[in-house]
Amino acid sequence: MLDDYQQLVDEISAALGAPATLENRDFELIAFGAHDSGAYSNKAGKADEADELPLDPVRTRSILRRRSTAAVRAWFEGFGIARAQAPLRIPPDPGAGVFMGRICLPVRHRGVVHGYVWLLDDGHLSDLELGGPSGPPDPRLARAMETAARIGALLAAEARADEELGGQLRDLLTGPPGGRDTARTALRAALRGAADGPLALVAVTPWAPRDASNAEAAEDYASARLPSPPGVAAVCVLPVPPGPGPAAGHSPAAGLAALVRLRASTALDPARTAAEHLLRSAEGGPERPGTVRDGRFAGVSAPRRGLDDLPAAWPEALAAARAARADARLGPVAEWSAIGPYRLLAALPAQTGPDPVVQALLKPSHAELARTAEAFLDCAGQASRTAQALGIHRQTLYYRLSRVEQLTGLDLDAGEDRLLLHMALKSARL
């Protein structure tokens, strides 16, 4: 539908004589009109190729990065655009990088906002009547809003199709056996050749509204279209069962599952890219790829050749996300194939507390000893490597290890004791 969106955006640009940009409700770019002064009128009402419209940094960044930043999103939402039923005029704010004013046309369908059309105003739209108590809107603006309504219908239709695919994916991953067969058949028909793979699943946890305490925000979130980056065939929200470890009771209640098409069964790059995009999409995410906020992490399953084995791929993706949260060296996006012992530990049933052997070691006053013990075991018990990794003298290391033995009652010269301590420390992270 990209060509349809572009055509409709171009219609609005031509009708109002201003560069137009279409973004979805998550401020992800869908289409934009050319920023060409030769196509638009200046304040005198004449096209002047020499009178170039100054570039607006916010618009330029949105086009280059395909989305707006969290700060820009918050600034515009502060004007009430998510609740607006009619066009809004937003003044410039050079301090926020918004050098030109905007007219925002909310893109709605059946009362739900699905996106926004932004019109750059270098001043020649200042006399455009938006409508209201003082009178009807300018006829050109009325036509633009009719076009925005057509865009809203297209976005709503896409959202419904995506929701159906998401429901089928949810039933395939967690539904009863009979429902899984039906969902697999429906997904295969919808995905056609892509259903034969290669495929991977991405898990993002936790997944929740931006402000669950705000009823209006929660309702908007529930009706919103889930993000669907390029290469993602279907997305859905699933309950996340408690994981192992002392924090099991605090495991996120929901996670996002994304089915990603791969170019080859040996290359997970598209899945990692989709995971990073989803992390940025959560709550308007940060600008920089590879970073997250609010404790969100993502995991990528091993590749699958088709749909039949996807139910087994979902626990892998969840385990990788949990490992990314547990170990900073793995996150914010972790692959199942790279999480080592967490592959086994994440599959263990939930427990209410750490293994007794590490309870004393996990007290805040002994945090440095726990870190030293884990580093020592990660380095296969090699003292020189451990001391170098921790930046301490070997005698300091030996002293700390002796304290660890005293606190745990374990013998770090014994292989089974080392294994128990290592797994207990890793499990405590989960």
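Bear in mind that the values here come from a model prediction, so they are computed numbers and not experimental data.
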*Asks:* For the pair R184 and D181, find out whether any cationic side-chain nitrogen is under 4.0 Å from an anionic carboxylate oxygen.
*Replies:*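 Answer for the salt bridge query: yes.
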*Asks:* Could you go through the side chain to side chain contact (heavy atoms under 4.5 Å, CB included) check for M423 and L344 one step at a time?
*Replies:* CA-CA 10 Å; M423 293 301 96; L344 295 175; over 6 Å; no
*Asks:* Under 4.0 Å between a side-chain nitrogen and a carboxylate oxygen: does that hold for R188 and D308?
*Replies:*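 Yes, charged N to carboxylate O under 4.0 Å.
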*Asks:* Can you see which heavy atom on A183 is nearest to which on Q168, and at what distance?
*Replies:* CB-O, 3.2 Å
*Asks:* Scan side-chain atoms only and decide if R385 and Q388 contain a donor-acceptor pair under the 3.5 Å cut-off.
*Replies:*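 No, Q388 and R385 have no side-chain donor paired with an acceptor closer than 3.5 Å.
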*Asks:* Quick one: does R429's side chain get under 4.5 Å of E374's, heavy atoms only?
*Replies:* yes
*Asks:* Given side chains that start at C-beta, do those of F376 and L390 come closer than 4.5 Å, heavy atoms only?
*Replies:* no
*Asks:* Quick one: do V357 and L420 satisfy side chain to side chain contact (heavy atoms under 4.5 Å, CB included)? Show the steps, please.
*Replies:* CA-CA 8 Å; V357 77; L420 174 58; 4.2 Å; yes
*Asks:* For I12 versus A144, what's the shortest heavy-atom pair and its separation?
*Replies:* CD1-O, 3.9 Å
*Asks:* Passes side chain to side chain contact (heavy atoms under 4.5 Å, CB included), L348 versus L345? Steps please.
*Replies:* CA-CA 5 Å; L348 296 176; L345 295 173; 3.9 Å; yes
*Asks:* Does a side-chain N-to-carboxylate-O contact under 4.0 Å join E368 and R371?
*Replies:*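 Looking at R371 together with E368, the answer is yes, because their closest N to O distance falls below 4.0 Å.
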*Asks:* Any donor and acceptor pair, going by atom type alone, linking the side chain of T408 with main-chain N or O of V404 inside 3.5 Å?
*Replies:* yes
*Asks:* So which atom in L165 and which in A190 form the shortest heavy-atom distance, rounded to 0.1 Å?
*Replies:* CD2-CB, 3.5 Å
*Asks:* Going from OH on Y116 to CG on L88, what distance comes out if it is rounded to the nearest 0.5 angstrom?
*Replies:*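 The distance works out to 10.0 Å.
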*Asks:* Give a yes or no on whether the backbone of M100 and the side-chain of R102 come within a donor-acceptor separation of less than 3.5 Å.
*Replies:*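 Present.
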*Asks:* Quick one: pull up CG in L120 and CZ in F32 and give me the separation to the nearest 0.5 Å.
*Replies:* 12.0 Å
*Asks:* Should the pair R25-E77 be classified as a salt bridge under the 4.0 Å nitrogen-to-oxygen rule?
*Replies:* no
*Asks:* S301 side chain to L201 main-chain N or O, any donor-acceptor pair under 3.5 Å?
*Replies:* yes
*Asks:* Which atom pair, heavy atoms only, marks the closest approach of L425 to A370?
*Replies:* CD1-O, 4.2 Å
*Asks:* Determine the minimum heavy-atom distance between L330 and A324, stating which atoms define it.
*Replies:* CB-CA, 4.2 Å
*Asks:* Under a 4.0 Å N-O cut-off, is there an ion pair linking D171 with R180?
*Replies:* no
*Asks:* Are any non-hydrogen side-chain atoms of I90 and I81 less than 4.5 angstrom apart?
*Replies:*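 Result yes, sub-4.5 Å side-chain heavy-atom pair found.
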*Asks:* Please determine whether a side-chain nitrogen of the Lys or Arg among K426 and D378 lies less than 4.0 Å from a carboxylate oxygen of the Asp or Glu.
*Replies:*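 Counted as a salt bridge, because a side-chain N and a carboxylate O are separated by less than 4.0 Å.
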*Asks:* Using the ring of each side chain (for Trp, its six-membered ring), is F27 parallel, tilted or perpendicular to F76, with breaks at 30° and 60°?
*Replies:* parallel
*Asks:* More than 12 heavy atoms of other residues, nucleotides or ligands under 6.0 Å from OH of Y398: yes or no?
*Replies:* yes
*Asks:* Can you tell me how far apart CD (Q359) and NE2 (H366) are? Round to the nearest 0.5 Å.
*Replies:* 13.5 Å
*Asks:* Just say parallel, tilted or perpendicular for the rings of W75 and F79, cut-offs at 30° and 60°.
*Replies:*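 Aromatic pair W75/F79 classed perpendicular.
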*Asks:* Any chance you could measure L279, atom CG, to R296, atom CZ, to the nearest 0.5 Å?
*Replies:* 9.0 Å
*Asks:* Taking side chain as C-beta onward, heavy atoms only, is R272 less than 4.5 Å from E335?
*Replies:* yes
*Asks:* Tell me yes or no: between the side chains of D10 and Q6, is some donor less than 3.5 Å from an acceptor?
*Replies:*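 Yes - a donor-acceptor pair under 3.5 Å links their side chains.
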*Asks:* Does E316 use its side chain to pair, donor to acceptor, with the backbone of A302 at less than 3.5 Å?
*Replies:* yes
*Asks:* Can you tell me if E405 uses its side chain to pair, donor with acceptor, with the backbone of L412 under 3.5 Å?
*Replies:* yes
*Asks:* Under a 3.5 Å distance rule, please check whether S13 uses its side chain to pair with a backbone N or O of A20 as donor and acceptor.
*Replies:* yes
*Asks:* Sort out for me which residue in L238, L259, T174, L307 forms a side-chain contact (heavy atoms from CB on, under 4.5 Å) with L169.
*Replies:*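 With L169 as partner, side-chain contact (heavy atoms from CB on, under 4.5 Å) holds for just one option, L259.
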*Asks:* I'd like to know whether E163 forms a salt bridge (charged side-chain N to carboxylate O under 4.0 Å, His left out) with R170, so could you lay out the CA-CA distance, the side-chain angles of the two residues, the decisive distance to 0.1 Å, and finally the verdict.
*Replies:* CA-CA 10 Å; E163 186 176 353; R170 181 174 56 250; over 6 Å; no
*Asks:* Test R400 against Q395 for side chain to side chain contact (heavy atoms under 4.5 Å, CB included), laying out the working first.
*Replies:* CA-CA 9 Å; R400 290 182 183 177; Q395 291 302 318; over 6 Å; no
*Asks:* Can you check whether P19 reaches L119 side chain to side chain, under 4.5 Å on heavy atoms?
*Replies:* no
*Asks:* Determine the minimum heavy-atom distance between P198 and A264, stating which atoms define it.
*Replies:* CG-C, 3.6 Å
*Asks:* As an exercise, state the distance from OH of Y342 to OG of S427, rounded to the nearest 0.5 Å.
*Replies:* 9.5 Å
*Asks:* So if I apply the side-chain contact (heavy atoms from CB on, under 4.5 Å) rule between V202 and each of V260, L256, T273, V333, which one comes out positive?
*Replies:*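 Looking at V260, L256, T273, V333, the match for V202 under the side-chain contact (heavy atoms from CB on, under 4.5 Å) is V260.
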*Asks:* Is there side-chain contact between T147 and V117, with heavy atoms separated by less than 4.5 Å?
*Replies:*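 In short, these two side chains do not touch, never coming nearer than 4.5 Å.
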*Asks:* Report yes or no: does D411 contribute a side-chain atom to a donor-acceptor pair with the main-chain N or O of D413 at less than 3.5 Å?
*Replies:*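 Yes; judged by distance alone, with no hydrogens or angles, the pair exists.
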*Asks:* Are the side chains of T21 and L29 in contact, using a 4.5 Å heavy-atom criterion?
*Replies:* yes
*Asks:* What distance do L105 atom CG and W118 atom CH2 have between them, rounded to the nearest 0.5 Å?
*Replies:*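 Atom-to-atom, L105:CG and W118:CH2 are 9.5 Å apart.
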*Asks:* Hey, are the side chains of R108 and H114 touching, using non-hydrogen atoms and a 4.5 Å cut-off?
*Replies:*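 Not touching, per the 4.5 Å side-chain cut-off.
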